[in-house]
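Note that ligands are numbered from 1 as they come in the structure, with each ligand's atoms numbered from 1 the same way. Counting begins at 1 with the first residue of the sequence. Computation of the quantities below employed the complete heavy-atom set of this structure, encompassing side-chain atoms and omitting hydrogens, waters and symmetry-equivalent molecules.
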Amino acid sequence: SCNAVKTTKHAVASNKLCVREDDGTFFDKEHPHIFIILGASGDLAMKKLYPTLWWLYRDKLLPPKTQIYGYARSKLTVNELKQKCQNYIKVLPKETSLLEDFWKLNHYISGQYDSRSDFEKLDQELKLHEIGTVANRLFYFALPPTVYEPVAYNIKHYCMGKKGWTRVVVEKPFGKDSESSKKLTDHLASLFTEKELYRIDHYLVKEMVQNILTMRFANRIFNPIWNRDSIASVLISFKESIGVEGRGGYFNEYGIIRDIMQNHLLQILTLVAMEKPISQQPDDVRDEKVKILRAIKPITIDKTVLGQYVGNPNAQGESVLGYLDDPMVPKDSTTPTFAETVLHINNERWDGVPFILRAGKALNVRETEVRVQFKDVPGDIFGGKAKRNELVIRVQPGEAVYVKLMVKSPGVAFDIEETELDLTYSRRYANVKLPDAYELVIRDVICGAQMNFVRSDELEEAWRIFTPLLHHIEREKVVPINYQYGGRGPKEADELAQKYDFLCN
Ligand code: NDP
Ligand code: BG6
């Protein structure tokens with residue numbers, strides 16, 4: 001009786017739903033779905049969630065019978081919500097009436113996060129839309145982590161769906177260290193099953209991050225050389241060209257290691273380093289990721305460089321503010337806005353190969369990439385001119401995979417030079433629109449595809465690796481090295497990478 005469509009992957013290219021047959025998850029087109037945004041008055045809801053829900057609605061990628069509920073303490077109407085989102089929702093002139101239809105699916109309820117009666121009221125409202133025998137509820141925590149616990153409790157006790165699945169989406173940060181993360185995990189685990197929980201790491205759905213497994217395991221050429229015999233070092237780097245503008249309060253409490261490295265970069269590392277999973281099923285992939293994490297020892301301060309940006313006149317001669325100039329940041333803050341660290345994986349494939357993680361705000365470019373540097377060619381016959389091969393996976397911007405390699409210089413003279421085998425997506429796939437990460441995240445939750453969400457054991461291992469370093473930095477008040485807004489970051493970071501066999505250009 002159910003006309004559910006089987007799917008997990010969904011290319012948004014050409015507005016079609018690409019259905020894959022072998023992944024065991026469902027896009028239920030028939031039954032009512034209610035999407036509840038908790039913290040609907042906030043930054044994430046305005047800037048990301050409402051715009052993403054609109055895109056999905058526009059592209060017919062939401063289940064047809066979807067209703068959207070905003071919930072927060074602020075007393076707002078849907079109309080006010082609409083105004084608040086206006087600057088973030090992109091709409092073509094021909095789509096304006098469709099956008100009106102989208103807003104008709106929206107509702108808003110004001111309530112406290114710790115009030116039983118408010119959640120009971122929400123439950124009563126949701127029931128009004130749950131016509132028929134099956135209906136599903138998706139709760140999205142767009143909230144500060146301080147209120148996760150009461151909200152989770154109230155959902156479990158007063159607001160679970162009675163006619164279908166209830167899924168709970170949680171945004172990072174998942175705690176501040178091993179202990180606080182365990183407390184949160186235990187609390188959520190006492191209320192929900194792992195199958196009901198979706199911990200977001202939006203980097204996992206970025207096109208080129210997803211491509212890592214395909215490139216490694218659907219090609220013959222990489223696997224035989226993907227090990228300590230051929231690879232000298234790996235750099236996984238995240239650079240942003242803006243500072244913490246507008247988020248200084250949050251950032252100062254967490255810092256760059258918790259904001260980017262312990263989650264996004266470590267997740268990328270697991271995909272680069274893991275063994276081939278026995279299938280593409282979410283738990284088979286996540287089992288392999290956990291194995292890699294378990295083989296990594298906690299990182300140490302002697303293999304780490306920390307930085308903090310200071311103001312600097314930009315190219316136009318206007319001055320830009322340093323981190324400490326942010327009104328939300330204490331003047332004596334030692335929170336790092338840049339970090340680089342080196343870790344090693346203690347297994348047969350990777351023994352001795354340094355994995356360098358680098359993350360920084362207010363740098364010269366916005367760029368996230370993986371660089372795999374191969375060892376020098378043994379038995380040189382080119383007078384030392386042959387440079388190392390390097391495989392670069394550019395996650396953003398300008399998705400690309402390219403390999404630096406040596407060729408004979410074209411022409412009469414016999415010389416050699418470095419060039420690139422270049423697969424730049426905008427050229428090769430010019431007509432394909434790559435979806436936004438949040439579109440994929442939300443679609444995956446609706447379909448029940450958990451591969452790109454963080455399992456509790458992955459999270460525990462990630463905190464085990466980083467907690468001693470974080471505690472050391474905080475206990476000893478380690479002073480970060482100043483670097484200029486818009487620069488390359490501390491020169492000590494390049495020196496550290498070089499020391500660990502990564503040759504910087
Ligand atoms: P906000 O600070 O905007 O908070 C969201 C809403 O929560 C607010 O509108 C407010 O609603 C309520 N709220 C805020 N502070 C408190 C408080 N101390 N006690 C109770 N309620 C409070 O957060 P964001 O939207 O920026 O982020 C939400 C979650 O998403 C966080 O976990 C964040 O780390 C994560 N995240 C955010 C990103 C972003 O770009 N913003 C990116 C990635 C993750 P009201 O007062 O109406 O109840
Ligand atoms: C978030 C961090 O997780 O990722 C932000 O909290 C960062 O500090 C953002 O700016 C970067 O995401 P993206 O998708 O813009 O690269």
Side-chain angles (χ1 to χ4, degrees), residues 37-52 70-77 80-81 84-85 88 108-115 118 122 139-152 154 168-176 184 198-209 237-268 323 328 335-339 359-363 365-369 394-399 434-441 454:
I37 302 178
L38 300 145
S41 55
D43 188 73
L44 184 73
M46 296 304 132
K47 291 186 183 155
K48 279 285 181 197
L49 302 183
Y50 282 107
T52 304
Y71 182 98
R73 297 171 306 180
S74 307
K75 297 200 178 342
L76 292 174
T77 62
E80 285 164 329
L81 214 51
K84 276 165 81 94
C85 294
Y88 307 107
Y108 181 86
I109 290 196
S110 164
Q112 300 298 315
Y113 300 119
D114 56 359
S115 157
D118 286 349
L122 175 64
F139 290 92
Y140 198 113
F141 284 32
L143 289 164
T146 44
V147 289
Y148 280 9
E149 290 199 11
V151 170
N154 283 324
V168 174
V169 185
V170 198
E171 275 282 356
K172 65 174 249 285
F174 312 118
K176 290 191 78 178
L184 178 62
Y198 289 74
R199 295 180 196 84
I200 290 190
D201 186 316
H202 74 288
Y203 266 64
L204 284 175
V205 294
K206 289 194 185 253
E207 184 73 19
M208 300 313 286
V209 174
S237 131
F238 165 100
K239 297 182 191 173
E240 261 186 341
S241 52
I242 53 167
V244 298
E245 286 91 327
R247 290 181 79 212
Y250 152 80
F251 192 88
N252 197 59
E253 216 184 302
Y254 287 89
I256 196 78
I257 295 176
R258 293 184 179 96
D259 191 44
I260 302 291
M261 209 179 249
Q262 178 267 357
N263 34 67
H264 304 325
L265 298 194
L266 194 64
Q267 283 289 334
I268 295 177
Y323 181 66
M328 304 299 284
T335 298
T337 59
F338 177 101
K361 295 212 171 242
L363 295 174
V365 283
R366 172 175 178 256
E367 196 173 72
T368 300
E369 55 185 25
R394 193 182 313 128
V395 175
Q396 65 184 30
E399 290 84 352
L434 296 177
D436 176 80
Y438 272 79
E439 286 182 74
L440 296 178
V441 163
V454 182

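Counting heavy atoms only, Pro144 comes closest to atom 7 (O) of ligand 1 of the residues Ser41, Pro144, Pro150, Gly42. Scanning Glu367, Lys361, Arg366 for the heavy atom closest to atom 15 (O) of ligand 2 points to Arg366. When the heavy-atom distances from atom 14 (O) of ligand 2 to Lys48, Lys206, Gln396 are ranked, the shortest goes to Lys206.
The aromatic ring centres of Tyr88 and Tyr50 sit 6.0 Å or more apart.
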Item to complete: Walk me through it: do Phe141 and Val147 pass the test side-chain contact (heavy atoms from CB on, under 4.5 Å)?
Response: CA-CA 9 Å; Phe141 284 32; Val147 289; over 6 Å; no

Given the rule in the side-chain contact (heavy atoms from CB on, under 4.5 Å) test, do Glu245 and Phe251 qualify, once you have shown the distances and angles that lead to the verdict?
CA-CA 10 Å; Glu245 286 91 327; Phe251 192 88; over 6 Å; no

I would like to know whether Gln267 and Val454 meet side-chain contact (heavy atoms from CB on, under 4.5 Å); could you show each step before the answer? CA-CA 9 Å; Gln267 283 289 334; Val454 182; 3.8 Å; yes

So Tyr323 and Val244, side-chain contact (heavy atoms from CB on, under 4.5 Å) or not? Walk me through it.
CA-CA 7 Å; Tyr323 181 66; Val244 298; 3.7 Å; yes

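Close approach of ligand 1 to Val147 is summarised as follows: ligand atoms under 4.0 Å from at least one heavy atom of the residue are 19 (N), 20 (C). If you number the atoms of ligand 1 from 1 as listed, the ones under 4.0 Å from a heavy atom of Tyr148 come out as 32 (O). For ligand 2, the atoms closer than 4.0 angstrom to any heavy atom of His264 are 1 (C), 3 (O), 4 (O). Listed by number with element, the atoms of ligand 1 under 4.0 Å from a non-hydrogen atom of Leu143 are 7 (O), 28 (C), 29 (C), 31 (C), 32 (O). Shown in contact with Pro173 at under 4.0 Å from a heavy atom are these atoms of ligand 1, numbered in order with element: 34 (O). Which parts of ligand 1 touch Ser74 is read off a 4.0 Å heavy-atom cut-off, strictly below it: atoms 45 (P), 46 (O), 47 (O). Which parts of ligand 2 touch Lys172 is read off a 4.0 Å heavy-atom cut-off, strictly below it: atoms 1 (C), 2 (C), 3 (O), 6 (O).
The closest approach between His202 and ligand 1 stays at or above 4.0 Å for every heavy atom of the residue. At least one heavy atom of Tyr203 sits less than 4.0 Å from an atom of ligand 2.
Formation of a donor-acceptor pair under 3.5 Å by the Lys176 side chain with backbone atoms of Glu253 is found in this model. Between the side chain of Lys172 and the backbone N or O of Ile200 there is no donor-acceptor pair closer than 3.5 Å. Without hydrogens or angle criteria, Tyr71 side chain to Gln112 main chain gives a donor-acceptor distance under 3.5 Å. With Asn154 contributing its side chain and Pro150 its backbone, the two residues share a donor-acceptor pair below 3.5 Å. Between the side chain of Ser110 and the backbone N or O of Arg73, at least one donor-acceptor pair lies under 3.5 Å.
Summary of contacts: the protein heavy atom closest to atom 48 (O) of ligand 1 is Tyr113 OH, 2.6 Å. Among all protein heavy atoms, the one lying closest to atom 10 (O) of ligand 2 is Glu240 OE2, 2.6 Å. In terms of protein heavy-atom proximity, atom 44 (C) of ligand 1 is nearest to Glu171 OE1, 3.3 Å. Of the protein's heavy atoms, Arg247 NH1, 3.3 Å lies nearest to atom 5 (C) of ligand 2. Closest to atom 12 (O) of ligand 2, if we only count protein heavy atoms, is His202 NE2, 3.1 Å. Among protein heavy atoms, the minimum distance from atom 6 (O) of ligand 2 is reached at Asp259 OD1, 2.6 Å. The protein non-hydrogen atom at the shortest distance from atom 26 (O) of ligand 1 is Asp43 CB, 3.4 Å. The protein heavy atom nearest to atom 5 (C) of ligand 1 is Ala142 O, 3.4 Å. With hydrogens left out, the protein atom closest to atom 21 (N) of ligand 1 is Arg73 NH2, 3.1 Å, a heavy atom.
Residue Lys172 touches ligand 1 through its backbone alone, judged by heavy-atom distances below 4.0 Å. Contact annotation: for Tyr140 versus ligand 1, there are no heavy atoms closer than 4.0 Å. At a 4.0 Å heavy-atom cut-off, ligand 1 touches Leu44 through backbone and side chain alike.
His264 places none of its side-chain heavy atoms less than 4.5 Å from the side chain of Phe238. Inter-residue side-chain proximity for Tyr113 and Asp118 is flagged as unmet; no heavy-atom pair is nearer than 4.5 Å.
Ligand 1 has no nitrogen or oxygen under 3.5 angstrom from a nitrogen or oxygen of Thr146. When only interatomic distances are considered, the shortest N/O to N/O separation between Tyr438 and ligand 1 does not fall below 3.5 Å.
For the atom pair CG of Leu265 and CD1 of Ile257, the computed distance is 11.0 Å after rounding to the nearest 0.5 Å.
At least one protein heavy atom sits closer than 4.0 Å to atom 9 (O) of ligand 1. Checking atom 2 (O) of ligand 1 against the protein gives no heavy-atom contact under 4.0 Å.
Between the side chains of Asp259 and Tyr250, at least one donor N or O lies within less than 3.5 Å of an accepting N or O. In the model, Tyr203 has a side-chain atom that pairs as donor or acceptor with a side-chain atom of Gln396 under 3.5 Å.
Comment: Lys48 does not engage Asp43 in a salt bridge, judged by the lack of any side-chain N to carboxylate O separation of less than 4.0 angstrom.
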